[in-house]
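Taking it in order: structure first as structure tokens, then the write-up.
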Amino acid sequence: MKMRFKLAGVLAMLLIPAAVAADQPNVPDQAAAEQYVKATRDLASRRIFEVGGREKIDLLFAAMLPVINSVDAYYATGYKDEISKSLQQCLSNTNMDINQQIIGKGLQHVTVQAIRRELDIMAAAAAAGRKASGERIKIYFEHIRPTFVRRDKGFFGDQKPLETAADQSIQRLIDAPETEFLSASRDLEDVIARTIALSVLYEAGELEKSRDTDLHFCDIKKTEATVYYRIIQSRIQRRSPKTNETILAMLNGNYASWNAVELEKYMVRGLAIPLK
Amino acid sequence: MIVWISADSYKGAVDFWPAGKEQERMTAAESFPGASRRHEVKLTGLRAGTRYIYQVQGSQTRCQFQTQPPVNSPFSLLLLWGDMSGKLTSLLRSEVPEFVVTLNREVEEDQKDAFAAIRPYVPVYTIEGVDSPFLKLLNDSKQQKTRDPWSLDWAGLRLIFTDKTDFPDELLNAPAAHTIGLIVTPAGQNIDIEALSKSDFHDRLRQHNGRYPNSPVAFVAIADRQAEGVQTDGIRYLGPGTAGQNDTGAIRIDVDVDSARAVLLGENKEIVLKEPPLGEKLTCEDCRRLADKGAYEASIQAYLKFIEANKGHFQIDDAYYAIADIYDFKLFEFEQAVSWYEQLIKEYPNGTLVPLANQRIKHITAYSDFSYEPLTRFERIRAVEYARKKEQTSQRDQLLANVEQLIRQYPDSRLAPVMQLWLANQYRTFSPAKAVEAYLLLKKNYGPSDEAKEAAFEIGSTYYDAGQYRQAIAAFEQAMTELPSLSDTIKAQVARSYRNIRRDCIAYGCWAAVAVIGLLAICLKPRRLQNDVLLHGSVVFVAAAVLLYAGAWMIREQFNSVREMHSIVLLFALASGLSAACAVKVSSSLVQMGKTRRPLMSFFAGCGASVILFPAAIYLAVYYSYAHYLIVVHL
């Protein structure tokens, strides 16, 4: 009898996530998430474009497509086309520095959107479904972890507040009871938004340092800052359209009008969280 | 206030911290003594517009709440109707509202609490007031629901809840609000939105908006109706919800200082409730606010629109000047700035801002060589980057190095001596040697310039500020030969330098006296601390402290700070106590050692030691706490 209950339990554990996923068309499963993260890592190396060749790049892009397509379909983004175009340009060695940033940062946006989608699924799912989504979030996070490490090092020295907070909130999403889901998911969204906003600030600071001397470097930094900002733009735009306009005016304006201190103020206002 | 009910009785406490800053963890406990099952913990020291995480002690669950943002900050609220209990968590996660308003009537006690899942995160209001099962349980008299109109103020938004179109005027009186919204629950009446927007009720709101354009009524939501509604005279009438029992829905309302919008969730539709000021509606104040927020380009565009739409307006000259000012001080685009200043002078030659514009043109054109390049780069460093980073040593040094590089790059520019002087003045605050070097370079390279004229005097002052008085005197004497017109000032500085040297010498003498007498007191046998010495010293210390505190309190306005008063009084009392202890020790030791047969002589010897030690210690006390007081005794 006990055995039957156990079997029923196991069956339920297997069926509930599947049922939840069935409600959400095109949700990549754990294997697709792992494949995606591995491919993004390989693609992060510049060397891959020099020695890998078109076939290798195509393979990697194909491995990422389930996640990219799913995010494009759910959030109406156009990353498949944008990343594909940049990959082609990199392969033909056209504007490599800029295009590599578009690919790298664009994929980070895809990853964050994939995490957000998993959180949406979790909000409506039963406990078992949440656990599966939590595990996928854990996998996706590995792609953006290096950004957290760099921002921790750049803004907080030896401490690791961003990476630690992200790991803790992901673990809470997986382990904590249902009552704590809102708290843990907000924590995760906050720490992602905070890290990305700090990345925008970092790139703006770098641009400010070089705007009188190296315009090509500024172009790269502008691309990085602009794609990073896309990741947090929806939250700022929704909360304060005016703040979003102001930030965009600065990011799209001439380099003389870039001001990291002002940018930080706007982002704090738009995100409603302290950054440093 | 965090409130909860527990199964067991205990004294409740709550840990809380700003989201993302667990190191700032604080704890608050219940204020009343004893254990209870009902708990109320008041959290204090909260910052506005900040998300806090809190955890009831003994529970593993962490929850969150958001404090009200400051008046000018944007925020969202959620308007719900029907049974949304299954979607609340999802909505709260995706929409992040700061509070929730439900248009449902209050739930009966025996019904399930639909908002239980989100109560630990956001406040919930019904059309009748705050919705709290806890307060209901307490049967708080203040929570007796009434059908009277009431208002809720949240960060610049005033929401008025009323079940009739006739409500007291004082609810509209909200000078601190930038937006007013009405939620009307008709309670059985059949209100036609179209008709309402043409009724006396609308006239009343319109008149209010005319009188108080800074806190206008932006929207009126009529519950139990479903309509996108109409917008009349800038007031949007809309109908969230229908009278149907099974109808459910949610609207997110986003509120900012100058705009508000309703997003019909699930329908992907947006309704503008309050339009941002544009075109002819834009005021000079709105344009200035943009600049205050740092949106300089947007502010210039707004001013241009204002000028275009308000020809002949009395503030057009202000707008010209404001545009020039932004180009001049914020964007450092000096050519544009000069052009706007000139336009102001040309079109408003008698304007009050013309002298200021002339002054700025004179200043900018004086340094317009090299196509404003040195001026632009220097001003960006001086006015923005240095002001921001001067506290961080490495970044400060880097910026100063950038200025040095700029001077090397444009040694012949008219701005070069100004930059060199600025550089020297900055070095003066932390490196006198580098400052002197910079002043000498200024003298050497830009001798005839106005900036270099007083360099010799500034070198003396640098040494003086650094406490190097002998070098200061030498430099001042050199300056005297170069700047005879400043001879009075220089002589005064030389005299001050000699005075300060004298004060230093006296201080060394006093230390020597304290050391000699202290050693004498210690070395004289018996070499242990006797009780009577300790007693006398302590009594004198306490007595002196009491007397001095009484006196100091009467003249407390004379001190620079309370801390200074405390330090002087305590140091004086310490000097008195030590002198007394020393006197007793010396005299008693002499008596015990049999050095003198006459106790009177021992007494005088002790007094002598004290007479030397006391003024020396007092001098040191004043010298180290605030040397300027020494002028009282002509030192």
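The sequence lines fix the lettering, A, B, ..., with proteins before strands; numbering per chain opens at 1.
- Using a 4.5 Å cut-off between heavy atoms, Val261(A) contacts chain B through both its backbone and its side chain.
- Arg382(B) pairs by the side-chain contact (heavy atoms from CB on, under 4.5 Å) definition with Phe378(B), Glu379(B), Trp422(B), not counting sequence neighbours.
- For Lys330(B), the NZ atom is loosely surrounded, since the number of other residues' heavy atoms within 6.0 Å does not exceed 12.
- Remark: Tyr410(B) OH is packed, more than 12 non-hydrogen atoms of other residues, nucleotides or ligands lying under 6.0 Å away.
- Of the atoms belonging to Thr50(B), not a single heavy atom falls under 4.5 Å from chain A.
- A distance of 10.5 Å separates CG of Asp254(B) from CD of Gln237(A), quoted to the nearest 0.5 Å.
- Contact annotation for Leu92(B): both backbone and side-chain heavy atoms come within less than 4.5 Å of a heavy atom of chain A.
- A heavy-atom distance below 4.5 Å is found between the side chains of Arg238(A) and Glu95(B).
- With a 4.5 Å cut-off on non-hydrogen atoms, Glu189(A) touches chain B through its side chain but not through its backbone.
- Ranked by non-hydrogen atom pairs under 4.5 Å with chain A, the options Gln66(B), Gln64(B), Glu297(B), Glu333(B) are led by Gln64(B).
- Every residue two or more places apart in sequence or in another chain that forms a side-chain contact (heavy atoms from CB on, under 4.5 Å) with Phe329(B) is listed here: Asp325(B), Tyr341(B), Arg360(B).
- Comparing Glu385(B), Arg261(B), Gln398(B), Lys87(B) by heavy-atom pairs within less than 4.5 Å of chain A, the highest count is held by Arg261(B).
- Looking at heavy atoms from C-beta onward, Met122(A) lies out of side-chain contact with Arg93(B) at the 4.5 angstrom threshold.
- Contact annotation for Tyr296(B): only side-chain heavy atoms (C-beta onward) come within less than 4.5 Å of a heavy atom of chain A.
- Residue Glu335(B) qualifies as open at atom CD: its count of foreign heavy atoms under 6.0 Å is 12 or below.
- The contact between Glu98(B) and chain A is made entirely by side chain atoms (from C-beta outward), counting heavy-atom distances below 4.5 Å.
- The residue among Leu162(A), Thr246(A), Asp190(A) with the most heavy atom pairs within less than 4.5 Å of chain B is Asp190(A).
- Within residues 180-188 of chain A, the residues that have a heavy atom under 4.5 Å from a heavy atom of chain B are Glu180(A), Phe181(A), Leu182(A), Ser183(A), Ser185(A), Arg186(A), Asp187(A), listed by number.
- Both the backbone and the side chain of Leu119(A) come within less than 4.5 Å of a heavy atom in chain B.
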Could you go through residues 266-276 of chain A and list every donor-acceptor pair under 3.5 Å that involves a side-chain atom there, pairing it with any protein atom two or more places apart or in another chain?
unit_1, atom_1, unit_2, atom_2, d
Tyr266(A), OH, Lys293(B), O, 3.1
Tyr266(A), OH, Gly294(B), O, 2.6
Tyr266(A), OH, Ala295(B), N, 3.3
Arg269(A), NE, Thr243(A), OG1, 3.3
Arg269(A), NH1, Asn72(B), O, 3.1
Arg269(A), NH2, Asn72(B), O, 2.9
Arg269(A), NH2, Asp256(B), OD1, 3.2
Lys276(A), NZ, Glu264(A), OE1, 3.2

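- Proximity to chain A (any heavy atom under 4.5 Å) is restricted, for Val384(B), to the side chain, taken from C-beta onward.
- Comparing Arg211(A), Arg116(A), Arg194(A) by heavy-atom pairs within less than 4.5 Å of chain B, the highest count is held by Arg211(A).
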